[in-house]
Asks: 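Before I ask anything, let me first share the structure, which is written out below as structure tokens.
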Amino acid sequence: MKYWLMKTEPNEFSIDDLQRVGVEMWDGVRNYQVRNMMRNEMMVGDSVLVYHSNAGEETGIAGTAKICRKAYPDPTQFDPESAHPDPKSDPQNPRWLCVDVEFIQKFKRILTLKEIKSDPNLLDYKLVQKGNRLSVIPTTKKQFDYILRLAKTL
DNA sequence: GCCAACGTTGGC
DNA sequence: GCCAACGTTGGC
């Protein structure tokens with residue numbers, strides 16, 4: 001069982017949207033490192049922190065979800081109408097993958113990036129370290145459990 | 001809108 | 001394989 005943080009822009013797709021639909025195809029990943037993590041390490045049942053990025057004061061962790069389908073070819077790469085079509089991807093050997101994510105809970109409020117950054121227990125979390133721009137961030141059980149405990153105090 | 005910190009592309 | 005140019009992410 002592994003733990004992840006997955007970023008989304010809430011004006012595109014928020015925790016509320018995930019709660020409403022229940023299960024969502026997490027498409028649009030166009031980064032090889034992230035693809036490899038999804039392909040090699042992400043398993044059904046893994047736990048996910050849902051992170052709202054580019055959201056001003058509301059930037060931070062919004063709730064939790066779990067992986068409910070393992071990596072499969074991202075259909076949006078072949079759709080010229082999609083946000084990120086990839087004409088170089090071969091349908092016989094698709095370049096990009098996606099997973100399905102299932103809503104678990106929405107936090108009472110956002111656990112803000114500010115709070116995460118100022119918490120001495122999370123100094124070594126990849127989320128707050130310099131240079132990280134990946135949309136999926138490996139998270140330890142310890143970090144996940146700690147963040148859940150924080151969320152309960154919100 | 002700015003900019004740091006990447007990743008990708010393509011010429012050589 | 002190197003590297004300049006360019007594109008993207010995402011915090012601020």
Side-chain angles (χ1 to χ4, degrees), chain A residues 2-21 24-42 46-67 71-101 103-140 142-144 146-148 150-151 153-154:
Chain A
K2 297 199 182 223
Y3 302 84
W4 310 95
L5 175 142
M6 297 175 81
K7 296 179 186 174
T8 179
E9 305 218 357
N11 49 358
E12 303 279 325
F13 187 82
S14 72
I15 191 79
D16 293 316
D17 296 319
L18 183 60
Q19 180 164 31
R20 185 162 37 76
V21 297
E24 176 77 1
M25 179 175 74
W26 208 272
D27 60 12
V29 169
R30 298 292 183 266
N31 173 286
Y32 290 106
Q33 276 180 261
V34 174
R35 182 205 62 185
N36 294 346
M37 278 194 285
M38 291 168 83
R39 183 186 60 200
N40 301 339
E41 298 183 58
M42 239 180 213
D46 283 1
S47 292
V48 175
L49 298 167
V50 177
Y51 179 86
H52 285 179
S53 64
N54 272 315
E57 291 291 309
E58 294 291 287
T59 296
I61 299 170
T64 67
K66 70 177 181 184
I67 303 299
Y72 60 100
D74 179 346
T76 68
Q77 69 197 300
F78 304 118
D79 178 3
E81 305 297 310
S82 82
H84 306 283
D86 185 351
K88 291 185 185 168
S89 183
D90 174 6
Q92 298 309 312
N93 185 21
R95 185 178 290 186
W96 304 114
L97 303 174
C98 59
V99 294
D100 286 358
V101 165
F103 176 81
I104 299 290
Q105 67 162 322
K106 178 186 172 181
F107 292 166
K108 200 166 172 189
R109 65 165 175 81
I110 302 275
L111 178 64
T112 64
L113 180 59
K114 208 173 181 177
E115 290 170 310
I116 295 164
K117 277 187 166 169
S118 65
D119 192 316
N121 293 308
L122 294 172
L123 285 177
D124 59 349
Y125 193 18
K126 284 210 177 82
L127 176 68
V128 296
Q129 284 174 356
K130 204 173 168 178
N132 155 69
R133 298 182 314 147
L134 299 183
S135 61
V136 173
I137 298 183
T139 302
T140 66
K142 198 172 165 189
Q143 287 160 349
F144 186 89
Y146 182 72
I147 286 163
L148 273 201
L150 284 185
T153 69
L154 294 176

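When reading the values below, keep in mind they use all heavy atoms of this one structure, side chains included, and skip hydrogens, waters and symmetry mates. A, B, ... follow the sequence lines: proteins, then strands. Residue 1 opens every chain.
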Asks: Does A/Arg95 pair with A/Asp86 as a salt bridge, N-O distance under 4.0 Å?
Replies: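 Yes, charged N to carboxylate O under 4.0 Å.
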Asks: Do A/Thr76 and A/Arg30 pair up side chain to side chain, a donor and an acceptor below 3.5 Å, judged on atom types alone?
Replies: yes
Asks: Specify whether A/Phe13 and A/Trp26 have parallel, tilted or perpendicular ring planes, treating 30° as the upper limit for parallel and 60° as the lower limit for perpendicular.
Replies: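 Perpendicular, since the angle between the ring planes exceeds 60°.
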Asks: What are the two closest heavy atoms between A/Lys2 and A/Glu41, and how far apart are they?
Replies: NZ-OE1, 3.5 Å
Asks: Can you sort out which residues in residues 108-117 of chain A have a heavy atom within less than 4.0 Å of DNA chain C? Ascending by number, please.
Replies: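 When residues 108-117 of chain A is checked for heavy atoms under 4.0 Å from DNA chain C, the hits, listed by number, are A/Leu113, A/Lys117.
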Asks: How long is the span from the CG atom in A/Asp74 to the CE atom in A/Met38, to the nearest 0.5 Å?
Replies: 8.0 Å
Asks: At under 4.0 Å between heavy atoms, how does the protein contact nucleotides 1-9 of chain C? Give one character per nucleotide, 5' to 3', with B, S or -.
Replies: -------BB
Asks: Distance from A/Lys66 atom NZ to A/Gln105 atom CD, nearest 0.5 Å?
Replies: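 If I round to the nearest 0.5 Å, the distance is 13.0 Å.
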Asks: By nearest nucleotide on DNA chain B, pick out whichever of A/Gln33 and A/Lys88 is the more 5' one.
Replies: A/Gln33
Asks: Output the rounded distance in Å from CD1 (A/Ile61) to P (C/dG11).
Replies: 12 Å
Asks: Give a yes-or-no answer on whether the side chains of A/Asp119 and A/Tyr125 include a donor-acceptor pair shorter than 3.5 Å.
Replies: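 Judged by distance alone, the side chains do not pair up.
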Asks: Should A/Glu115 and A/Arg109 count as an ion pair when the cut-off is N to O under 4.0 Å?
Replies: yes
